[in-house]
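For reference, the structure discussed in these notes is given below.
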Amino acid sequence: MEINEVKELLNQFNDSNLTEFDLREGSFELYMNKNQTSRQTAAPSQTEQSVEAPVAVATSTSSTTVEPEAAPTVAKGEGQVITSPIVGIVYLQPSPDQEAYKSVGDSVKQGETVCIIEAMKLLNEITSDFDGTVTEILVENEDVVEYGQPLFRIG
């Protein structure tokens, strides 16, 4: 990734409502955070740069990996939870004039699309990892979602 692309991402991140952003591409890693505390710490081989807001930019060329935190638990209800694998904008329907992919009470099969998350102008289909019935939709259409944020509860 070129430095101009990193600067553009940093500007977009600063202008957005996102509080964290994590990008990994090959040996390149970019993590930005506007929170008071970080969800992960940089490995000793990584370098950090401070920017106006409390945002850290880190790159790594070593094989050290940082394990992501476990997905947040959602207290009420039972069943499996589908979580967001990326940061982006969630769309619960294929287009504004079409029905939602899934509504509460709909059955869902493993591998079936339940929503789309737009990240960096790419649309990513989010599929169910299990069979069941949608018991709860935990986000609203066009919400900005974080990595690991619960999206659907399947019973």
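Side chains included, hydrogens not; waters and symmetry mates left out as well; all remaining heavy atoms used. Just so it is clear, the model here is predicted, and its values are computed rather than measured.
- I89 and M120 fall within a single hydrophobic cluster, where Ile, Leu, Val, Met, Phe, Trp and Tyr are joined by side-chain heavy atoms under 4.5 Å apart, directly or via other members.
- A pairwise comparison of heavy atoms in P150 and T83 identifies CA-CG2, 4.0 Å as the closest pair.
- Tracing side-chain contacts under 4.5 Å through hydrophobic residues (I, L, V, M, F, W, Y), one reaches V114 starting from I137; they form part of the same cluster.
- Contact detail for K102 and V134: the closest heavy-atom pair is CB-CG2, 4.0 Å.
- No more than 12 heavy-atom neighbours from other residues, nucleotides or ligands sit within 6.0 angstrom of CD on E140.
- The distance from atom CD of Q80 to atom OG1 of T135, rounded to the nearest 0.5 Å, is 10.5 Å.
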Inset, instruction - Would you please test L92 and F152 for side-chain contact (heavy atoms from CB on, under 4.5 Å) and show each step? - result: CA-CA 11 Å; L92 300 177; F152 293 86; 3.8 Å; yes
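- One finds the CG atom of D129 at 7.0 Å from the CD atom of Q110 (value rounded to the nearest 0.5 Å).
- Residues E136 and V104 approach most closely at CA-CG2, 4.3 Å, considering heavy atoms.
- The shortest heavy-atom contact between T127 and G111 is CG2-O, 3.4 Å.
- A chain of hydrophobic side-chain contacts below 4.5 Å, direct or via other Ile, Leu, Val, Met, Phe, Trp or Tyr residues, connects V87 to Y91.
- Remark: the backbone N or O of F130 is paired with a side-chain donor or acceptor of S128 at under 3.5 angstrom.
- Here the shortest heavy-atom pairing between G79 and R153 reads O-NH1, 4.2 Å.
- Checked by atom type and distance alone, the side chain of T113 never pairs as donor or acceptor with a backbone atom of C115 at under 3.5 Å.
- For the pairing with I117, the side-chain contact (heavy atoms from CB on, under 4.5 Å) check across V90, L122, L123, V139 returns one residue only, V90.
- A heavy-atom distance below 4.5 Å is not found between the side chains of I126 and S84.
- You'll find the side chain of D106 stays beyond 4.5 Å of the side chain of Y101, heavy atoms only.
- Across all their heavy atoms, Q93 and A100 have their closest contact at CB-CA, 3.7 Å.
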